[in-house]
Protein chains: 2
Amino acid sequence: MTSKQFTSVWLREPRKAASPGRSRDEIVSATVELLDAEGLNGLSMRKLGAKLSAGATSLYWYVANKDELLELAYDQVWAEMSVPDPDEVGWRDSAAVLAHSMRQVMLRHPWSADIVGRMPALGPHAMHVADRMRRMFKLAGFRGTEIDFAGSTLTAFVFGMTIPEIAWDTATSGDDYDPEAMRDLVRKAAARYPEMLASIDMDRYDDPRVVRELCFDFGLVSMLDGLERRLTTA
Amino acid sequence: MTSKQFTSVWLREPRKAASPGRSRDEIVSATVELLDAEGLNGLSMRKLGAKLSAGATSLYWYVANKDELLELAYDQVWAEMSVPDPDEVGWRDSAAVLAHSMRQVMLRHPWSADIVGRMPALGPHAMHVADRMRRMFKLAGFRGTEIDFAGSTLTAFVFGMTIPEIAWDTATSGDDYDPEAMRDLVRKAAARYPEMLASIDMDRYDDPRVVRELCFDFGLVSMLDGLERRLTTA
DNA sequence: ACCTGAACACCGTTCAAGT
DNA sequence: ACCTGAACACCGTTCAAGT
């Protein structure tokens, strides 16, 4: 009764790509542009309609609802990720490049952080990345379900590092970043934990981006080492 | 001009906890209940007001806006996480227990997956977990910024594993889960990658929860091994 | 000190109607 | 086949007004 069937754009046949009218591609790239410019809350059917100089409700001809629009936009994000062929550069380099690429792409499309928790990535571009990742870990020497587990571990790490990073960026939204205000904030939040407070490196707030980069690399190396360990222990 | 100052509930003094009127605690637990029952989109000021048998706009006396409400609710999630004292059980066990606890708590409050990417965790309960985590990795032998890096790596792994898991759960929203329909979906999505398709373990869709558990454990062990490796290499 | 209702500027989606 | 506008049932937030 209260339960809804699972639905997804990828389960429906799209409208015939007829000559007149707008194309789905047009709509999707306008959606991505709007999301990049105004964020997830900035996207509304009315605004998107206006951007395409059409009525808001015209969009419902191409798409069942707003969620489908987001699914389509989300897959565009996956399209931007680059995975070098593992057969050419080896699994570990291939994994490292993918990880950095995923992070950069998400930082360019901060709204994607809100989508990862809302809908599974089932689009063709996500599938392409998944396929490459499988080959990557197969080449590494994993077998059976562990191939998937290794892939999940890699994407988990990247998502988990990048999503909170985006939370910080959008909260401090950009251009008027004030390191001293940030230090005050942290001092206030951690006031009851003097030990923690004493050991926080306050310089990191001068330019948080460089520390984050170091942190990401530290975690990535750890994770890859950990995966490699699985191979020798088997 | 377009830039907003960073704001947070944790930067303001709360209203005096006077005797009459609703207390902030009351409001926060009603918020969490509503979020658990109806999800992030199900929470509206009007519904929350009604639940407290008050006008929707009364809430603005206690809270500046809806985001502050979410910050308060989010910290309640951190309150439910359990971290054994690392001095008693050792850093590795302490980390593993925290990781499992974080995951379970998030699965109980699926709306938290949407918040991780939207606002930093600065509440007192989040700080308590952060403090314990610092001590955990200090005990392990990390020094300086690496203490923080190790902590970030741990939480990144848990968030990154759990957030997409929640996306799946909410997309297939519960009670009418049909394994066969799921297999069809996956077959359709992966149709263009026969190699991938051939090696996907279709049994996993009978009860996805057990596979996820295995996957989480696999990743967790890898990650902890990887961190341990950092210690011996230094 | 606390709460209210009216009002404003928005939403997503449905649907009958137009071409 | 494609697009429209009106309409419905919602939103978050402000603000003057009440007690």
Side-chain angles (χ1 to χ4, degrees), chain A residues 4-5 7-9 12-28 30-31 34-35 37-74 111 114-115 118-119 170, chain B residues 4-5 7-9 12-28 30-31 34-35 37-74 111 114-115 118-119 170:
Chain A
K4 300 171 293 184
Q5 269 298 331
T7 58
S8 165
V9 226
R12 298 194 302 113
E13 288 306 317
R15 297 273 183 198
K16 298 264 158 55
S19 22
R22 286 146 194 95
S23 74
R24 187 176 260 195
D25 279 359
E26 249 181 299
I27 293 174
V28 174
T31 305
L34 201 49
L35 285 166
E38 315 206 19
L40 196 57
N41 287 338
L43 175 73
S44 79
M45 301 304 263
R46 287 166 224 260
K47 277 193 212 163
L48 183 58
K51 195 179 168 81
L52 293 160
S53 37
T57 55
S58 320
L59 299 163
Y60 287 88
W61 175 257
Y62 299 92
V63 121
N65 51 41
K66 198 184 175 183
D67 269 1
E68 286 203 358
L69 220 41
L70 291 176
E71 276 192 283
L72 292 167
Y74 186 29
W111 47 274
D114 285 321
I115 296 195
R118 254 217 267 290
M119 40 181 85
T170 58
Chain B
K4 301 172 291 184
Q5 269 298 330
T7 58
S8 165
V9 226
R12 298 193 303 111
E13 289 305 317
R15 297 274 184 199
K16 298 265 159 54
S19 22
R22 285 147 193 94
S23 73
R24 185 174 263 195
D25 279 359
E26 248 180 299
I27 293 175
V28 174
T31 305
L34 201 48
L35 284 167
E38 315 205 21
L40 195 56
N41 287 337
L43 175 74
S44 78
M45 301 304 264
R46 287 168 224 261
K47 277 194 213 164
L48 183 59
K51 196 180 167 78
L52 293 160
S53 37
T57 55
S58 320
L59 299 163
Y60 287 88
W61 175 257
Y62 299 93
V63 122
N65 51 41
K66 199 184 174 183
D67 269 1
E68 287 203 357
L69 219 41
L70 290 177
E71 276 191 284
L72 293 167
Y74 186 30
W111 47 273
D114 285 319
I115 296 194
R118 253 218 267 290
M119 40 181 83
T170 58

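Here is the naming used below: chain letters follow the sequence lines, and residue numbers restart at 1 for every chain. This is a predicted model, so every value here is computed, not measured.
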Engineer: Using the C1' atom on both, measure dA1(C) against dA17(D) and round to a whole Å.
Structural biologist: 15 Å
Engineer: Between Met119(A) and Asp67(A), which heavy-atom pair has the shortest distance, and what is it?
Structural biologist: CE-O, 3.6 Å
Engineer: To the nearest 0.5 angstrom, please state how far the CG atom of Leu43(A) sits from the CG atom of Leu34(A).
Structural biologist: 5.0 Å
Engineer: Which dot-bracket string describes DNA chain D (Watson-Crick N1-N3 plus N6-O4 or O6-N4, or G-U N1-O2 and O6-N3, all under 3.5 Å; [ ] crossing; | other strand)?
Structural biologist: ||.|||||...|||||.||
Engineer: If you take all heavy atoms of Trp111(A) and Leu40(A), which pair is closest and at what distance?
Structural biologist: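 That closest heavy-atom pairing would be CB-N, 4.1 Å.
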Engineer: Once salt bridge (Lys or Arg N to Asp or Glu O under 4.0 Å) is applied, do any residues pair with Arg12(A), and if so which ones, sequence neighbours excluded?
Structural biologist: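 Scan of Arg12(A) (salt bridge (Lys or Arg N to Asp or Glu O under 4.0 Å), adjacent residues dropped) gives Glu68(A).
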Engineer: Please report the closest heavy-atom contact between Asn65(A) and Val63(A), naming both atoms and the distance.
Structural biologist: O-CG1, 3.1 Å
Engineer: If we take the C1' atom in both dA16(C) and dC2(D), what is their distance in whole Å?
Structural biologist: 15 Å
Engineer: Once each nucleotide of nucleotides 8-13 of chain C is scored for protein heavy atoms under 4.0 Å, what B/S/- sequence comes out, 5' to 3'?
Structural biologist: ---BBB
Engineer: Mind listing the side-chain donor-acceptor pairs of residues 46-54 of chain B below 3.5 Å, one per line with the distance, residues two or more places apart or on another chain?
Structural biologist:
unit_1   : atom_1 : unit_2   : atom_2 : d
Lys47(B) : NZ     : Glu38(B) : OE1    : 3.0
Lys47(B) : NZ     : Gly42(B) : O      : 3.1
Lys51(B) : NZ     : Glu33(B) : OE1    : 3.1

Engineer: Mind checking side chain to side chain contact (heavy atoms under 4.5 Å, CB included) for Asp25(B) and listing every partner two or more places apart, or none if nothing turns up?
Structural biologist: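 Testing Asp25(B) for side chain to side chain contact (heavy atoms under 4.5 Å, CB included), a comparison that skips the adjacent residues, returns Ser23(B).
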Engineer: Would you please name every residue forming a salt bridge (Lys or Arg N to Asp or Glu O under 4.0 Å) with Glu71(A), sequence neighbours left out?
Structural biologist: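 Expected list: none.
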Engineer: For dC2(D), does OP1 or OP2 lie under 4.0 Å from any side-chain N or O of Ser58(A)?
Structural biologist: no
Engineer: Closer than 4.0 Å, any side-chain N/O of Trp61(B) to the OP1 or OP2 of dC2(C)?
Structural biologist: yes
Engineer: Which whole-number value in Å describes the distance from Leu52(B) CG to dC3(C) C1'?
Structural biologist: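 It works out to 13 Å between those atoms.
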